[in-house]
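These numbers come from the heavy atoms of this one structure, side chains and all, not from hydrogens, waters or symmetry mates. In each ligand, atom 1 is the first atom listed, and ligand 1 is the first ligand listed.
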Amino acid sequence: MAGTGTHVRGAVRQPDALRELLRLAVERRAPLATDPATTIYRLVNAAADGLPGLTVDRYGDALVASLYDDDDRLPPRPMPEPLIALLAETAETIGARALYVKYRPKEAGRIAEDQVEMLAPPKPVWGPDLGEFVAVEAGLAYLIRPGEGLSVGLFGDMREGRARVRAWADGRRVLNCFAYTCGFGVAAAAGGAIRVLNLDLSKPALAWGQKNYRANGFEPDPYDFVYGDVFDWLARLAKRGDRFELVILDPPGFSRTRRRRFSAARDYGELAVLAAGCTAADGLLLACCNVAELPWPRFRDQVLAGLAGVGRAAEVAGVYHEPAVDFPAPAGTEPYLKMLLLRLG
Ligand SMILES: C[S@@+](CC[C@H](N)C(=O)[O-])C[C@H]1O[C@@H](n2cnc3c(N)ncnc32)[C@H](O)[C@@H]1O
């Protein structure tokens, strides 16, 4: 029965129950929906909202639904029509105009380029194609491209992380590693950072980041959007004596470059040591990790052991997770997003 652990594909057989679960999910987000300064948030969080296999994110006028299937079959089974109809109904209730769908195979890290269009159809399944548009978070503008790949421009679960970075940034030099579209960079610039250096291995993501700066009235300095491998750059910056009062690490769970394979579960300690080499004395290091399989104590211990191993004093100044209002953890599970704020000696 819908809401008792049945995958959403099966739950469509009970449209009334499914409609009610969607209504409850929307109601739960009411505190966010009433804030016009934030139009980016999660509307449905899978099992935690009684809808295993389905997440729905709101980006202003667009809903982006993700279907998680147990099989990895390609092309993926399309979203069932009754579910599209119910989500369209939900969109209309909250004033959204389009619905996009993403299919999430279990091994998301192994997706080949030519599979992306199959998993992330560029056109909406309902409503007009919105192309690129602006959605807001805490009054800051972010360019969203709901039809461009599996990631559409901003990860909503990091909302409070960005708010904290904005609050800490004043008067600090900030290093934003694994910057993607520079969400942390925009937040730090808005918070009064003296300088923000954004590092990423994707030129299109950094170009998108520059557009995000402009959308907020900040003129991007091209020297502050650096293309390259974070591991190489951290070593380079440390060697040439560049120091930052706030260093942000927000890597993917896995990353493979021509020269290196990174797994957060295995290598985070090493990454933290490299980052510490660029962190000023008394500076802050924010280490983030979204790997659900890496339990919080192991993540913390790995980072602290790495720093202790190189004799760098580290005081835990804060521990944060994804926002519970729109990313509630399913019963019996821990939050998956871990943010460890360290003050380094
Ligand atoms: C999960 S996203 C990071 C999210 C981002 N911090 C944010 O606030 O939205 C992963 C990003 O890491 C980048 N990346 C992966 N491996 C990298 C590496 N070795 N060096 C630099 N960037 C890397 C990818 O290009 C991608 O933009």
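In this structure, Phe225 has its ring center under 6.0 Å from that of Tyr213. Aromatic pair Tyr59/Tyr142: ring centres not closer than 6.0 Å.
Nearest to atom 12 (O) of ligand 1 by heavy-atom distance, out of Phe178, Phe155, Tyr142, is Phe178. Relative to atom 13 (C) of ligand 1, the option among Asp200, Leu199, Leu154 with the closest non-hydrogen atom is Asp200.
The Phe184 neighbourhood of ligand 1 comprises atoms 8 (O), with distances under 4.0 Å to a heavy atom of that residue. Shown in contact with Pro252 at under 4.0 Å from a heavy atom are these atoms of ligand 1, numbered in order with element: 10 (C), 12 (O), 15 (C). Listed by number with element, the atoms of ligand 1 under 4.0 angstrom from any heavy atom of Asp229 are 18 (C), 19 (N), 20 (N). Atoms of ligand 1 lying under 4.0 Å from any heavy atom of Gly228, numbered from 1 in the order shown and given with element: 20 (N), 21 (C). Residue contact check: Asp250 has heavy atoms under 4.0 Å from atoms 3 (C), 4 (C), 5 (C), 6 (N), 7 (C), 8 (O) of ligand 1.
Contact of the Phe184 side chain with the Met158 side chain is registered, since non-hydrogen atoms from C-beta on lie closer than 4.5 Å.
Note: no N/O pair closer than 3.5 Å links Asn176 and ligand 1 by distance alone. For ligand 1, the polar-atom distance check finds no N/O of Phe231 at less than 3.5 Å from any of the ligand's N/O atoms.
Relative to the ring axis of Tyr320, Arg164 places its NZ or CZ within 45° and under 6.0 Å from the centre.
With salt bridges taken as basic N to acidic carboxylate O contacts below 4.0 Å, none links Arg159 and Glu322. Between Arg28 and Asp326 there is no salt bridge, since none of the side-chain N atoms of the basic residue sits less than 4.0 Å from a carboxylate O of the acidic one. Arg19 has a carboxylate O that lies under 4.0 Å from a charged side-chain N of Asp16, or vice versa, which qualifies the two as a salt bridge.
By the neighbour-count criterion of 12 heavy atoms within 6.0 Å, atom CD of Glu117 is sparsely surrounded, having that number or fewer from other residues, nucleotides or ligands.
At the shortest separation from atom 16 (N) of ligand 1 among protein heavy atoms lies Ser255 OG, 3.0 Å. Residue, atom and distance of the protein heavy atom nearest to atom 20 (N) of ligand 1 are Val230 N, 2.9 Å. Nearest non-hydrogen protein atom to atom 22 (N) of ligand 1 is Leu201 N, 3.1 Å.
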